[in-house]
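What you see below is based on every heavy atom in this structure, not just the backbone, and it leaves out hydrogens, waters and symmetry mates. Numbering starts at 1 and runs along the sequence shown. Remember, it's 1-based here, ligands and their atoms both numbered in the order they're listed.
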Amino acid sequence: MSDIKNSLSIIIESIPRNVLLVAVSKTKPLPILKEAYDAGQRHFGENKAQEILDKCPNLPEDIKWHFIGHLQSKKVKQIIRYTHLIHSVDSLKLIAEIDKRAQAIGKTQDILIQVHIAKEESKFGIPVEKLSSFIANTMDAFPNTRITGLMGMATFTDNERVVSKEFATLKKAFNLIKTSYFNNNSSFSEISMGMSGDYKLAIEEGSTMIRVGSSIFGSRD
Ligand SMILES: *Cc1c(COP(=O)(O)O)cnc(C)c1O
């Protein structure tokens, strides 16, 4: 068995069946992605618009592309026809642009709202305290955009208690938003949390979607 096929099956066997594995293929070349595809992987994650544009036309059409990185509004138009799910939406400006571009091609774009749960300073993600009002202001305003859940990244640390606590914070925020704004509607259903180093903890705290790169493809340069 190839290393990639082997790594994929080890991860898939170790996670619950209702947790989706997004294989984060950023920086990796086409033959590597093809190898994962041939092993049965269909969901891939990229964090640069240009990489999606370079890779999509050269790989099978049944791949579901996840955009997981910071997305500049000006890049939305280029990638909107390829994206199955955009995980990293954290501004009104970005949702408005996604909605406009989705409408132009007759699509409803599924998105996740990125929430800032880590201790590290970051420009990205809505602070937990501001999440409710952000959702209230956006959920019905954009007909071609559907908010299907939340995404978060934990602090980069070996301290598992810190990481688990941050994931629990995201799960709690998810539950609150689901009951307050989505009437427990099943379309708001995803919690994208967990990477190579912490996906086991994330699943314990309720993740429905893990984004794993280096544990499948090896470390990036
Ligand atoms: C790169 C990246 C990942 C995957 O990281 P690994 O540690 O290689 O599994 C997950 N999520 C986001 C947002 C990323 O940018």
Side-chain angles (χ1 to χ4, degrees), residues 3-15 19-29 32-33 35-36 39 41-55 63-72 75-76 79 82-91 94 98 110-126 148-160 162-164 166-167 169-171 174 190-221:
D3 285 351
I4 289 173
K5 190 171 180 184
N6 195 35
S7 315
L8 276 170
S9 60
I10 290 170
I11 296 169
I12 285 165
E13 277 162 28
S14 76
I15 65 177
V19 173
L20 180 75
L21 172 61
V22 178
V24 177
S25 48
K26 62 191 187 192
T27 79
K28 301 294 175 185
I32 300 284
L33 277 76
E35 212 175 312
Q41 183 65 28
R42 291 295 179 271
H43 291 260
F44 288 82
E46 293 284 342
N47 71 343
K48 293 216 163 67
Q50 191 57 48
E51 269 192 84
I52 295 224
L53 294 175
D54 291 341
K55 288 171 176 174
I63 289 183
K64 307 265 197 256
W65 294 97
H66 294 245
F67 196 88
I68 62 170
H70 176 61
L71 179 56
Q72 290 174 280
K75 300 284 173 74
V76 172
I79 63 162
Y82 296 119
T83 41
H84 170 69
L85 179 64
I86 302 174
H87 290 229
S88 42
V89 178
D90 64 356
S91 75
L94 184 56
I98 289 169
D110 284 353
I111 64 169
L112 305 178
I113 304 303
Q114 183 171 354
V115 185
H116 183 80
I117 52 171
K119 287 199 169 41
E120 288 139 359
E121 291 282 328
S122 165
K123 301 193 287 289
F124 307 125
I126 308 269
T148 60
L150 304 178
M151 181 272 224
M153 291 167 85
T155 303
F156 188 71
T157 169
D158 289 335
N159 188 333
E160 297 194 345
V162 168
V163 173
S164 290
E166 291 169 357
F167 287 146
T169 299
L170 188 60
K171 168 73 178 175
F174 170 87
E190 304 296 344
I191 310 176
S192 168
M193 59 184 187
M195 311 180 13
S196 292
D198 57 20
Y199 70 84
K200 294 190 176 108
L201 299 174
I203 289 170
E204 282 171 21
E205 299 302 333
S207 173
T208 66
M209 218 176 242
I210 57 174
R211 309 175 311 269
V212 179
S214 44
S215 288
I216 300 169
F217 299 113
S219 59
R220 292 174 294 271
D221 301 328

[atom]: nearest protein contact (heavy atom, Å):
atom                    : value
atom 2 (C) of ligand 1  : K26 NZ, 2.6 Å
atom 5 (O) of ligand 1  : M195 CE, 3.5 Å
atom 12 (C) of ligand 1 : I68 CD1, 3.5 Å

Extract all donor-acceptor atom pairs below 3.5 Å that involve side chains of residues 210-219 and protein atoms in other chains or at least two apart in sequence.
| unit_1 | atom_1 | unit_2 | atom_2 | d |
| --- | --- | --- | --- | --- |
| R211 | NH1 | S192 | O | 3.1 |
| R211 | NH1 | S192 | OG | 2.9 |
| S214 | OG | S196 | OG | 3.3 |
| S215 | OG | S196 | OG | 3.2 |

If you count the atoms of ligand 1 from 1 in the order shown, which ones are under 4.0 Å from a heavy atom of [X]?
X    : result
V212 : 9 (O)
R211 : 4 (C), 9 (O), 10 (C), 11 (N), 12 (C), 13 (C)
S196 : 6 (P), 7 (O), 8 (O), 9 (O)
G213 : 4 (C), 6 (P), 8 (O), 9 (O)

**Request:** Would you name the heavy atoms of A202 and G194 that are closest together and state the gap between them?
**Result:** CB-CA, 3.5 Å
**Asked** Heavy-atom distance to atom 8 (O) of ligand 1: which of S88, S214, G152, S192 wins?
**Response**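 Looking at heavy atoms only, S214 sits closest to atom 8 (O) of ligand 1.
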**Item:** Distance (rounded to the nearest 0.5 Å) between D198 CG and E204 CD
**Value:** 11.0 Å
**Prompt:** At what distance, to the nearest 0.5 angstrom, does CG of D110 lie from CD of E190?
**Reply:**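 Between D110 CG and E190 CD, I get 9.0 Å after rounding to 0.5 Å.
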**Message:** With a heavy-atom distance limit of 4.0 Å, tell me whether R220 approaches ligand 1 through its side chain, its backbone, both, or neither.
**Reply:**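 Under 4.0 Å from ligand 1, R220 contributes side-chain atoms alone.
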**Prompt:** Parallel, tilted or perpendicular for H84 and H43, by the 30°/60° rule?
**Reply:**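 It falls in the perpendicular class, over 60°.
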**Prompt:** Does K55 have any salt bridge (Lys or Arg N to Asp or Glu O under 4.0 Å) partners at least two apart in sequence or in another chain, and if so, which?
**Reply:** E46, E51
**Side-chain H-bond candidate by donor/acceptor type, T155 with E166, under 3.5 Å** =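 Yes.
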